[in-house]
K.L.:
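Quick one: this structure, given as structure tokens, is what I'll be asking you about.
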Amino acid sequence: DLKQQVYSRLEDNDQMFQQSEVTNAINEAISCINMICGWFQKTYSISTGTTIAGRHIYDVPPEIIFPQRVIFNNQIMVKKDLLGFRFLITTGGTREAIDDVRFIGNRSSGKQGIAIAQCALARGAEVTLISANVDKTEYRNISHLQGIKKIEVTNTAELSSNLELQFDHCDVLIMAAAVSDAKPISSTGKVKKSEYRNLQLEETPDLLAGIAKRRREKNSQILVGFAAEESQNLLREGKRKFEAKGLDFIYANDINKGSIFGSDMTSGILIDNAGATEISEISKLKLANLLLDKVSVRLNSPNV
Ligand code: CTP
């Protein structure tokens with residue numbers, strides 16, 4: 001199948017645009033214009049360049065630097081395979097107040113969830129992003145956040161109530177947020193240091209496991225979880241959480257002694273019911289597209 005052939009050849013690296021067999025394949029595919037229209041539904045103009053060449057990629061805004069693209073006569077075409085699907089994505093990390101001054105939090109930067117939101121939007125999805133304590137500078141590379149419905153939350157209870165409100169409307173939930181597992185039982189005033197040893201904590205509810213029980217009939221809502229684990233526990237913990245939370249996919253991040261947090265790169269294991277795929281040091285944007293490729297297959301052929 002020609003369109004499949006062109007698509008898979010374009011996926012890997014920009015240098016392929018410079019190879020004549022690839023440009024010939026693109027020309028051939030473009031000439032079958034009806035077929036291409038069905039596959040790539042939107043075009044973007046680029047400012048410079050006249051021929052098919054990998055270099056031109058860098059002349060366009062970052063949100064459309066994806067594997068799903070073809071350059072032809074000054075235009076980039078982005079695959080719109082998620083058109084009409086509603087994505088609910090959570091990102092960042094929740095914080096639980098110890099008192100009016102301090103909180104229990106985590107080091108999640110929100111980068112991975114933002115990358116997924118950005119890629120899903122570019123591929124045609126309707127995106128709602130629930131964002132917990134993400135630093136504004138994390139949004140600097142997204143030139144069009146317009147189109148993404150953004151909801152800001154602070155703690156797990158707020159994340160939970162917004163999830164409840166939004167969940168029924170989504171086709172895909174991607175739970176990239178790091179939810180604080182522990183919460184002080186009471187939290188007013190200012191705790192004195194002598195009182196710290198008496199601080200009482202309780203567990204927060206498992207939001208993902210809870211919402212998974214509410215999903216519409218099988219296969220009509222896709223659930224994706226994340227986990228941050230030490231290298232030696234990736235597969236075991238990834239599989240355990242995949243089963244326990246009733247998910248379709250889970251990405252177990254290698255925390256790599258904490259260097260994952262705030263990094264643009266990621267390594268880990270992507271697990272679904274077909275098995276586990278090892279991911280070694282790729283950008284969070286690339287992981288986003290890999291994950292969306294798998295989700296897209298499910299959405300577009302629900303019996304897979
Ligand atoms: N999660 C959630 N609610 C929680 C904790 C986690 O919805 N209270 C979700 C996260 O958003 C993530 C997945 O569950 O998608 C796994 O998160 P993780 O913190 O690794 O799971 P826990 O079950 O809390 O595992 P652990 O015992 O290792 O802390």
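One-based numbering, in listed order, for ligands and for the atoms of each. Hydrogens, waters and symmetry mates are skipped; everything else that's a heavy atom, side chains included, is used.
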K.L.:
Enumerate the atoms of ligand 1 whose separation from the nearest heavy atom of Ala177 is less than 4.0 angstrom.
P.N.:
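That gives atoms 10 (C), 11 (O) of ligand 1.
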
K.L.:
I'd like to know if the side chain of Glu237 and the backbone of Glu230 have a donor-acceptor N/O pair within less than 3.5 Å.
P.N.:
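No, because the side chain of Glu237 does not come within donor-acceptor range (under 3.5 Å) of the backbone of Glu230.
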
K.L.:
Does Ser220 offer a backbone N or O that forms a donor-acceptor pair with the side chain of Arg215 under 3.5 Å?
P.N.:
no

K.L.:
Check whether any N or O atom of Leu207, backbone or side chain, sits under 3.5 Å from an N or O atom of ligand 1, and answer yes or no.
P.N.:
yes

K.L.:
Please check this pair: side chain of Thr94 against backbone of Ser180, looking for a donor-acceptor N/O pair closer than 3.5 Å.
P.N.:
yes

K.L.:
When you measure from atom 26 (P) of ligand 1 to every protein heavy atom, which one gives the shortest distance, and what is it?
P.N.:
Lys241 NZ, 3.6 Å

K.L.:
Which of the atoms of ligand 1 are close to Thr204, meaning less than 4.0 Å from one of its heavy atoms?
P.N.:
8 (N)

K.L.:
Is there a donor-acceptor pair under 3.5 Å between the side chain of Asp100 and the backbone N or O of Lys190?
P.N.:
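No.
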
K.L.:
Atoms of ligand 1 less than 4.0 Å from Gly225 heavy atoms?
P.N.:
15 (O)

K.L.:
Short N/O distance, under 3.5 Å, between Phe226 and ligand 1?
P.N.:
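Yes - when backbone and side-chain N and O of Phe226 are compared with those of ligand 1, one distance drops under 3.5 Å.
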
K.L.:
How does Glu203 reach ligand 1, by side chain, by backbone, by both or by neither, if only non-hydrogen atoms under 4.0 Å count?
P.N.:
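None of Glu203 does.
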
K.L.:
So which of Leu208, Ile174, Leu159 gets nearest to atom 7 (O) of ligand 1, if we judge by its closest heavy atom?
P.N.:
Leu208

K.L.:
Which residue and non-hydrogen atom of the protein lie closest to atom 27 (O) of ligand 1, and at what distance in Å?
P.N.:
Arg240 NH2, 4.2 Å

K.L.:
Check whether the side chains of Ser283 and Asp264 place a donor and an acceptor atom closer than 3.5 Å, and report yes or no.
P.N.:
no

K.L.:
For ligand 1, which atoms have a heavy atom of Pro205 less than 4.0 angstrom away?
P.N.:
3 (N), 4 (C), 8 (N)

K.L.:
Looking only at non-hydrogen atoms, find the nearest pair between Ala97 and Pro184 and report the distance.
P.N.:
O-CG, 3.2 Å

K.L.:
Please check this pair: side chain of Glu138 against backbone of Asp135, looking for a donor-acceptor N/O pair closer than 3.5 Å.
P.N.:
no

K.L.:
Is a side-chain donor or acceptor of Asp248 paired with a backbone partner of Leu223 at a separation under 3.5 angstrom?
P.N.:
yes

K.L.:
Show which atoms of ligand 1 fall inside a sub-4.0 Å distance from at least one heavy-atom site of Asp181.
P.N.:
5 (C), 8 (N), 24 (O), 29 (O)

K.L.:
Would you kindly specify which portion of Asp206 sits under 4.0 Å from ligand 1, judged on non-hydrogen atoms: side chain, backbone, both or neither?
P.N.:
both

K.L.:
For ligand 1, which part of Ala209 has a heavy atom less than 4.0 Å away: the side chain, the backbone, both, or neither?
P.N.:
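The answer is neither.
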
K.L.:
Of the choices Glu237, Lys245, Met175, which has the non-hydrogen atom that lies closest to atom 15 (O) of ligand 1?
P.N.:
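The option holding the nearest heavy atom is Met175.
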
K.L.:
Looking only at heavy atoms, what is the nearest atom pair of Gln221 and Phe167, with distance?
P.N.:
NE2-O, 2.9 Å

